[in-house]
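Encoded as structure tokens, the structure appears first; notes follow it.
Every chain is numbered from 1, with letters handed out A, B, ... down the list of sequences. Everything numeric in this text was worked out from a predicted model, so none of it was measured.
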Protein chains: 2
Amino acid sequence: MPRRAGLTAQKVVELALSIVDSAGLDGLTLARVAEAAGVATPSLYKHVAGLPDLRERVARVVLAGLTDRTREAVIGVSGDDAIRALMDAYRSYLVEFPNRAGFLISPPPTVDPREDLLAVVLAVLRGYRLEGSEAIHAARILRSSVHGFASLEAAGGFGYREDLDESFRRLAGVIVMGLRERV
Amino acid sequence: MPRRAGLTAQKVVELALSIVDSAGLDGLTLARVAEAAGVATPSLYKHVAGLPDLRERVARVVLAGLTDRTREAVIGVSGDDAIRALMDAYRSYLVEFPNRAGFLISPPPTVDPREDLLAVVLAVLRGYRLEGSEAIHAARILRSSVHGFASLEAAGGFGYREDLDESFRRLAGVIVMGLRERV
DNA sequence: GGCATTGAGCTAACTACATTAGCTTAATGG
DNA sequence: CCATTAAGCTAATGTAGTTAGCTCAATGCC
């Protein structure tokens, strides 16, 4: 085993993320990250400031990943289809990485990385001629509903797994109609 | 200080709940509950099986409280007003007790206490002539959207506090319309 | 090439917490 | 009045986060 493991903050965060995916939110401990990195626990402090800091870094990566996926999903799509694409992207991210849901509702960190996701949503809403405060309300409606569905699904919060796709399709339909009709 | 503190499982859970309300989800520790009860930590094991058990008990109380409030909110109300009342009740519970939000998406315990809340929702939906699988989809739409909004709000997930009432009013409007129009 | 500086990693030690084992004793009921 | 039960205790163990301070490998400068 080499004296220098060549760790970086980024590698630590990547390891943390894979631990979250396999062991859940509560499974993320510095001890486990250190073990995965082949390093003693206190050594991690050379790269991150502690567990809260690591959590915040992981949260940023998660949010960035979701934002990227969402951004790509709406390329070349507009109107109702863009709304559906947005919602599908958000949900599918949490279906793929259910343990990451907890990082999407964290207390506001120093600099808010949610702005980027909001920007994508607002861009789509502009296709509905929704702007300014109207667009903010619409974005909240959109985010609330899709976040609610996806995080309940990720946590196993729905009784039955059956027909979840159909439920989600209907939810998207309701939202699309609501936004179109300017409720 | 009397030799017997006269603790019961119920009192332990009540103390735990008030700690959650004041110190947050992560602030709930056996050590803190014991201190509040005027008892040594291991003594709690005479009443609850451990921290996971205590959490589950707290989750049940939270869900029961929400269910009660929701049930009362829809007494003597029907149709669109009932939907709005339902949504308002859910949200206002989390506005009042934001730290309890985390207990509303827990992995399914042994016996599922969410059935009661679902029953209330389904009763309201019957006022829309929504039954069977249609009602299940509608209930999920309702719960997803209100839970998403309320838990994002509770976690400070929205950038600005201003206009949250208006945003929620619009969300309710969208959902009511969607359910009415059978999307 | 030698040497000073830097910083990555280490061990040791401390804290907080959950949990288990086993003791003590107050309350209760026959 | 005594036997039983159970509520509370102390002691001890294990895990985790964190801090302090040491060591030495890598780097760059002379």
Side-chain angles (χ1 to χ4, degrees), chain A residues 1-62 99-100 102-103 106-107 109-110, chain B residues 1-62 99-100 102-103 106-107 109-110:
Chain A
M1 209 175 295
R3 221 70 175 104
R4 287 294 165 95
L7 268 200
T8 63
Q10 191 187 338
K11 283 182 191 167
V12 170
V13 172
E14 279 166 13
L15 288 171
L17 202 48
S18 80
I19 287 170
V20 165
D21 287 333
S22 62
L25 201 61
D26 296 336
L28 176 61
T29 65
L30 290 184
R32 225 190 265 241
V33 174
E35 188 194 353
V39 128
T41 307
S43 303
L44 296 177
Y45 283 78
K46 292 290 152 111
H47 305 286
V48 297
L51 187 57
D53 177 50
L54 178 58
R55 286 214 188 99
E56 185 179 320
R57 286 167 188 262
V58 169
R60 282 171 189 277
V61 171
V62 167
N99 294 343
R100 302 187 185 185
F103 290 105
S106 25
T110 326
Chain B
M1 212 173 294
R3 220 69 174 102
R4 287 291 165 96
L7 269 199
T8 62
Q10 192 188 338
K11 284 181 190 169
V12 170
V13 173
E14 279 166 13
L15 288 171
L17 202 48
S18 79
I19 288 171
V20 166
D21 286 335
S22 62
L25 201 61
D26 296 335
L28 177 60
T29 65
L30 290 185
R32 226 191 265 241
V33 174
E35 187 194 357
V39 128
T41 307
S43 303
L44 296 177
Y45 284 78
K46 294 291 153 120
H47 305 285
V48 297
L51 188 58
D53 177 50
L54 178 58
R55 287 213 187 99
E56 184 179 321
R57 286 166 187 262
V58 168
R60 283 171 188 277
V61 171
V62 167
N99 294 343
R100 300 186 186 184
F103 290 105
S106 25
T110 325

### Message
Between B:Val58 and B:Arg55, is the side chain to side chain contact (heavy atoms under 4.5 Å, CB included) condition met? List the steps.
### Response
CA-CA 5 Å; B:Val58 168; B:Arg55 287 213 187 99; 5.7 Å; no

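- Here C:dA8 is the nucleotide among C:dT11, D:dG8, C:dA8 with the atom lying nearest to any side-chain atom of A:His47.
- B:Lys46 has its side chain out of reach of B:Leu7: every pair of non-hydrogen atoms, C-beta onward, lies at least 4.5 Å apart.
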### Query
What string of B, S and - do you get for nucleotides 14-21 of chain D, 5' to 3', when a contact is any protein heavy atom under 4.0 Å?
--SSBB--

For a quick test of your reading: what N or O donor-acceptor pairs under 3.5 Å do the side chains of residues 22-33 of chain B make, sequence neighbours left out?
from	atom 1	to	atom 2	distance (Å)
B:Ser22	OG	B:Ser18	O	3.1
B:Ser22	OG	B:Ile19	O	3.4
B:Thr29	OG1	B:Arg32	N	3.1
B:Arg32	NE	B:Gly27	O	3.1

### Message
A:Glu14 vs A:Val61, test: side chain to side chain contact (heavy atoms under 4.5 Å, CB included). Steps then yes/no.
### Response
CA-CA 9 Å; A:Glu14 279 166 13; A:Val61 171; over 6 Å; no

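- Side-chain contact between B:Thr41 and B:Glu35 is absent, with no heavy atoms from C-beta onward closer than 4.5 Å.
- Here B:Ser43 does not reach the OP1 or OP2 of D:dA7: none of its side-chain N or O atoms lies under 4.0 Å away.
- Of the possible donor and acceptor atoms, one in the side chain of B:Lys11 sits under 3.5 Å from a partner among the backbone N and O of B:Gly6.
- Counting to the nearest Å, the P atom of D:dA26 and the CG atom of A:Leu7 are 15 Å from each other.
- The NZ atom of A:Lys11 sits 15 Å away from the C1' atom of C:dG9 (whole-angstrom rounding).
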